[in-house]
Amino acid sequence: ACGKSACGENDGRCTRERQTVPLPCGACAFSVRNNGWKGSKGMKTPLTKERLKHHLAYNSWKYLLLVVLCVLGWNLIYTTTAYRPPAEKIVDVYLCSGYGDQEALDAYLENIRQTEMSDMEQMQSIFLSVTNDDYYGAIQLATYVMAGEGDIYLLDKDNFVNYAGQGALIDLEPYIDEGTLDIKGLDVSAGWRTNSETGEKHLYGIPAQDFTGMEQFGLGDLEDMYWCILVTGGNDANAVKLMDILVRDFVPDETVQDN
């Protein structure tokens, strides 16, 4: 402890030269307790416009990161807590096409849901950009198929042959035979494929080239494309019902007569 002679009695601080940080001595404790510690007042830095600009220049990324984390956190909470209809109440249409009017197609599907399939809670379309040189698109399609996402698929020939051979698509022949799926006399011979696991040949898809009515959704060229139903979709009956409606609405009668 310092002696009284080293104490600055006027301001209650120790004035010893070797004291780096000014601290109250024992003799000044009473003064400090009653008058407050004044040594820190001179250390306060006033906030100026230049200091604020300097602070933001070096710390703006922290605030940006905080905003991004808040948005991602909110989206995660919403996604995990939002209501999702069960599989038997959903019929989604996945189209392997990088272009098309999704808004118009969704409006058509919603109208069908309200007027003819009111027991469904969700019917919508998803467009996938899948081309020979698009590796990401192929991975995305494979992920959807393995996860059982979607019900009706519009596949290009290569993917149709691939997934039909793997047994990932349902056999449409029984539904045609029982009259649930009316193909209106279309030539579906190209839709017959062999399951590589069983060696059996079944009708796994309906050629889409005659669905010329789909032009209104920007889907004019459907050559070598196939309508099919995913085996793991979980809603086969309603998927077949919607496919029957698609045939009815988008295959012109004159096309059937020509066949």
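All of these numbers come straight from a predicted model, not from anything done at the bench.
In this view, D106 and Q102, L109, Q124, S125 satisfy the side-chain contact (heavy atoms from CB on, under 4.5 Å) rule, not counting sequence neighbours. Taking the side-chain contact (heavy atoms from CB on, under 4.5 Å) definition, one finds that T180 meets it with Y175, E178, V240, sequence neighbours left out. Shown here are the side-chain contact (heavy atoms from CB on, under 4.5 Å) partners of N238, two or more places apart in sequence or in another chain: V91, M117, D119, M120, N235. Listed by chain and residue number, D187 satisfy the side-chain hydrogen bond (donor to acceptor under 3.5 Å, both in side chains) test with S189 (two or more places apart in sequence, or in another chain). For E110, the salt bridge (charged side-chain N to carboxylate O under 4.0 Å, His left out) test picks out R113, with sequence neighbours left out. Considering only residues two or more places apart in sequence or on other chains, S97 meets the side-chain contact (heavy atoms from CB on, under 4.5 Å) condition with Y99, F127, L219. Partners of E88 under the salt bridge (charged side-chain N to carboxylate O under 4.0 Å, His left out) rule, at least two apart in sequence or in another chain, do not exist in this structure. With sequence neighbours left out, the salt bridge (charged side-chain N to carboxylate O under 4.0 Å, His left out) criterion links R193 to no other residue.
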(request) Would you please test V247 and F211 for side chain to side chain contact (heavy atoms under 4.5 Å, CB included) and show each step? (result) CA-CA 7 Å; V247 174; F211 286 70; 3.7 Å; yes

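One distance of note links CG of D249 with CG of L246; it measures 7.0 Å at 0.5 Å rounding. Atom CE of M123 sits about 7.0 Å away from atom CD1 of I112, to the nearest 0.5 Å. To the nearest 0.5 angstrom, D156 atom CG is 12.0 Å from L222 atom CG. Atoms OG1 and CG, on T212 and D210 in that order, are 7.5 Å from each other to the nearest 0.5 Å. Of the inter-residue distances, the one linking L181 atom CG with K241 atom NZ reads 13.5 Å to the nearest 0.5 angstrom.
Every pair passing side chain to side chain donor-acceptor pair (under 3.5 Å) that includes a residue from residues 162-174 is listed here, sequence neighbours excluded: N162-Q166, D171-H202. Listed by first and then second residue, the salt bridge (Lys or Arg N to Asp or Glu O under 4.0 Å) pairs that reach into residues 140-154 are R84-E149, sequence neighbours excluded. Annotation: salt bridge (Lys or Arg N to Asp or Glu O under 4.0 Å) contacts involving residues 90-104, sequence neighbours excluded, are absent.
Counting all heavy atoms, side chain and backbone alike, C96 lies closest to L155 at SG-CD2, 3.6 Å. Contact between E215 and G220 at its shortest, heavy atoms only, is CG-CA, 3.6 Å. Across all non-hydrogen atoms, the minimal contact from A208 to L154 is CB-CD1, 3.8 Å.
Side-chain heavy atoms closer than 4.5 Å link hydrophobic residues (I, L, V, M, F, W, Y) into clusters, and following such links, possibly through other members, connects I245 to I206.
Judged purely by atom type and a 3.5 angstrom limit, D244 uses its side chain to pair as donor or acceptor with the backbone of D182. A donor-acceptor pair under 3.5 Å is formed between the side chain of S196 and the backbone N or O of G165. Under a 3.5 Å cut-off, the side chain of S118 and the backbone N or O of Q114 do not form any donor-acceptor pair.
The aromatic ring centroids of Y204 and F160 lie 6.0 Å or more from each other.
V251 has its side chain out of reach of I183: every pair of non-hydrogen atoms, C-beta onward, lies at least 4.5 Å apart. Inter-residue side-chain proximity for L128 and L95 is flagged as unmet; no heavy-atom pair is nearer than 4.5 Å.
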Can you give me every donor-acceptor pair (side chain of residues 225-233, partner residue at least two apart or in another chain, under 3.5 Å) with its distance?
none

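Using the six-membered ring where Trp is involved, F217 and F250 have ring planes that are perpendicular, over 60° apart on the 30 and 60° scheme.
Under the 4.0 Å criterion applied to side-chain N and carboxylate O atoms, D253 and K184 are assigned as salt-bridge partners.
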